[in-house]
Amino acid sequence: MPEGHTLHRLALDLSRDLLGNVVAVSSPQGRFDGATRLDGCKLTGTEAVGKHLLLRFGRAGVVHIHLGLFGRFYRRRHPAPLPRSTTRMRLTVPDWTWDLVGPTRCELLSARGVRALRERLGADPLAPGANVEAAWQTLSRSHRSIAAVLLDQSVFAGIGNVYRAELLHLVRLHPETPASRLGRAKFDELWALARQLLAAGVREKRIVTVPHEGRRRVRRDEALHVYGRTACHTCGERVTVTRNANRPMYACERCQPLDLG
DNA sequence: TGCATATGAGTAA
DNA sequence: TACTCCTATGCAA
């Protein structure tokens with residue numbers, strides 16, 4: 001699940017359940033030392049930055065969470081079941097318990113640590129004041145492929161492997177197109193689409209890039225154009241799976257021809 | 001029971 | 001480029 005939309009959604013949901021509450025914080029697994037310090041403090045803010053989540057506990061500190069590939073939050077209505085042995089952090093308020101399992105990172109961060117995190121992250125399509133110009137400058141001077149640049153969190157924060165494949169398909173760019181050949185118009189198209197699709201992901205709580213009507217629940221194999229598919233949803237051509245930036249890269253060679261002209 | 005798999009990313013070489 | 005960490009799940013044996 002965890003691309004940028006997941007974290008932004010979590011920031012909203014956690015805020016709805018916990019904001020302004022005194023929170024019982026614990027680490028059943030024992031691997032989050034910060035729990036002791038935060039236990040009994042009030043949650044004063046939640047924020048997602050790319051694929052990172054920040055939970056503010058006033059002066060007590062900020063929890064920085066990165067879910068990685070496996071991390072998950074579980075929301076439990078009371079009475080909550082006993083935590084698993086793998087529960088890194090448990091947050092409890094009178095009505096709800098939220099359990100965090102399997103994150104790559106769950107740590108207490110100083111103000112300086114938070115600044116450093118922001119500085120190493122690029123433009124988040126879901127952030128209102130995202131620095132689009134910086135992303136454009138980096139991208140237009142890059143010698144790497146557009147697919148590699150899209151996954152680089154210091155350029156675009158929040159785009160993951162699914163969104164990368166779907167975005168490139170929708171703007172009809174071959175993954176190996178050198179980033180520097182995009183041109184501003186194509187970049188703007190990509191950015192606008194990223195904002196639109198990530199926002200849809202926050203609303204729907206999952207990645208859906210194929211347009212659909214109303215509230216009808218889209219079947220999993222109908223939600224995406226190329227990612228994880230054998231046939232292109234757009235034209236039916238066989239989807240190719242290559243590797244780019246050490247991750248599987250799904251594309252349709254017919255819809256996304258390599259254009260070096 | 002054990003293995004492969006997954007939407008991530010840091011580090012060593 | 002390869003290896004490492006983090007966990008749950010589904011399927012084969």
Side-chain angles (χ1 to χ4, degrees), chain A residues 1-11 27-34 48-54 63-76 81-90 98-107 109 113 116-122 124-126 144-145 147-170 175 193-194 197-210 218 220-230 233 239 241-251:
Chain A
M1 308 291 274
E3 297 197 20
H5 68 297
T6 305
L7 283 301
H8 281 264
R9 180 66 195 218
L10 276 170
S27 180
Q29 183 192 44
R31 290 186 49 191
F32 174 44
D33 339 343
V49 190
K51 298 174 189 170
H52 302 252
L53 178 65
L54 300 174
V63 184
H64 167 224
I65 294 158
H66 187 97
L67 295 179
L69 204 47
F70 315 125
R72 256 194 96 171
F73 267 103
Y74 296 91
R75 179 182 191 241
R76 327 274 200 190
L82 287 173
R84 301 179 180 206
S85 62
T86 52
T87 303
R88 184 76 58 89
M89 177 178 73
R90 170 167 270 206
W98 283 75
D99 284 337
L100 170 64
V101 171
T104 285
R105 256 195 158 68
C106 174
E107 62 186 356
L109 231 48
L117 173 67
R118 290 185 193 285
E119 278 166 18
R120 74 180 172 85
L121 292 174
D124 180 347
L126 289 171
R144 299 142 75 200
S145 66
V149 173
L150 274 180
L151 268 197
D152 184 339
Q153 300 300 302
S154 70
V155 183
F156 296 101
I159 294 176
N161 207 26
V162 178
Y163 276 121
R164 153 171 98 159
E166 295 297 303
L167 284 167
L168 290 178
H169 179 80
L170 284 163
L193 195 60
L197 294 184
L198 274 280
V202 175
R203 281 197 306 275
E204 309 206 20
K205 287 188 160 195
R206 66 180 185 136
I207 304 175
V208 179
T209 64
V210 176
V218 185
R220 192 173 359 177
D221 60 328
E222 287 290 318
L224 304 174
H225 294 89
V226 287
Y227 183 87
R229 296 179 58 95
T230 50
H233 190 279
V239 167
V241 191
T242 53
R243 279 192 91 74
N244 182 294
N246 214 19
R247 310 287 300 281
M249 177 69 237
Y250 294 83

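Computation of the quantities below employed the complete heavy-atom set of this structure, encompassing side-chain atoms and omitting hydrogens, waters and symmetry-equivalent molecules. Letters A, B, ... are given to chains in the order of the sequence lines, protein chains preceding strands, and every chain is numbered from 1. Fair warning: this is a prediction, and the values are worked out from it, not measured in the lab.
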Measuring from the side chain of Thr86(A) (C-beta onward, heavy atoms only), which nucleotide among dA8(C), dC6(C), dT7(B) has the closest atom?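 When the side chain of Thr86(A) is considered, dA8(C) is the closest of dA8(C), dC6(C), dT7(B).
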What nucleotide, of dC6(C), dT7(B), dA8(C), holds the atom closest to the side chain of Tyr74(A)?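 For the Tyr74(A) side chain, the nearest candidate turns out to be dA8(C).
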OP1 or OP2 of dT7(C) versus the side-chain N and O atoms of Gln29(A): is any pair under 4.0 Å?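 Affirmative; the distance criterion is met.
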Whether Arg84(A) contacts dA8(C) is assessed here as follows: a side-chain N or O lying under 4.0 Å from the phosphate OP1 or OP2. Is that the case?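 Indeed, a polar side-chain atom of Arg84(A) lies that close.
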Nearest 0.5 Å please: distance from the CZ atom of Phe156(A) over to the CZ atom of Arg164(A).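 That separation rounds to 13.0 Å.
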Sugar-phosphate only, base, or nothing, as touched by [X] at under 4.0 Å among non-hydrogen atoms:
X: Arg243(A); value: nothing
X: Tyr250(A); value: nothing
X: Gly71(A); value: nothing

On a whole-Å scale, what distance lies between the P atoms belonging to dC3(C) and dT5(B)?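 It comes out at 16 Å once rounded to the nearest Å.
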Quick one: list whatever passes side chain to side chain contact (heavy atoms under 4.5 Å, CB included) with Val101(A), sequence neighbours left out.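 Tyr74(A), Thr86(A), Thr87(A).
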Please enumerate all residues that pass side chain to side chain contact (heavy atoms under 4.5 Å, CB included) together with Asp152(A), with sequence neighbours excluded.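 Residues passing side chain to side chain contact (heavy atoms under 4.5 Å, CB included) with Asp152(A): Arg144(A), Ser154(A), Val155(A).
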Pick from Asn161(A), Asn246(A), Asn244(A): which one makes a side-chain contact (heavy atoms from CB on, under 4.5 Å) with Leu151(A)?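 Of Asn161(A), Asn246(A), Asn244(A), side-chain contact (heavy atoms from CB on, under 4.5 Å) with Leu151(A) is met by Asn161(A) alone.
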Set out, line by line, the N/O atom pairs under 3.5 Å between protein and nucleotides 9-12 of chain B.
from    : atom 1 : to        : atom 2 : distance (Å)
dA9(B)  : OP2    : Lys51(A)  : NZ     : 2.9
dG10(B) : OP1    : Arg120(A) : NH1    : 3.2

Between the side chains of His233(A) and Glu222(A), does any donor sit under 3.5 Å from an acceptor?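 Looking only at side-chain atoms, Glu222(A) and His233(A) do form a donor-acceptor pair, the distance falling under 3.5 Å.
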Check: Arg105(A) side chain, Ile65(A) main-chain N or O, donor-acceptor pair, under 3.5 Å: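 Flag not set: sc Arg105(A) to bb Ile65(A) has no pair under 3.5 Å.
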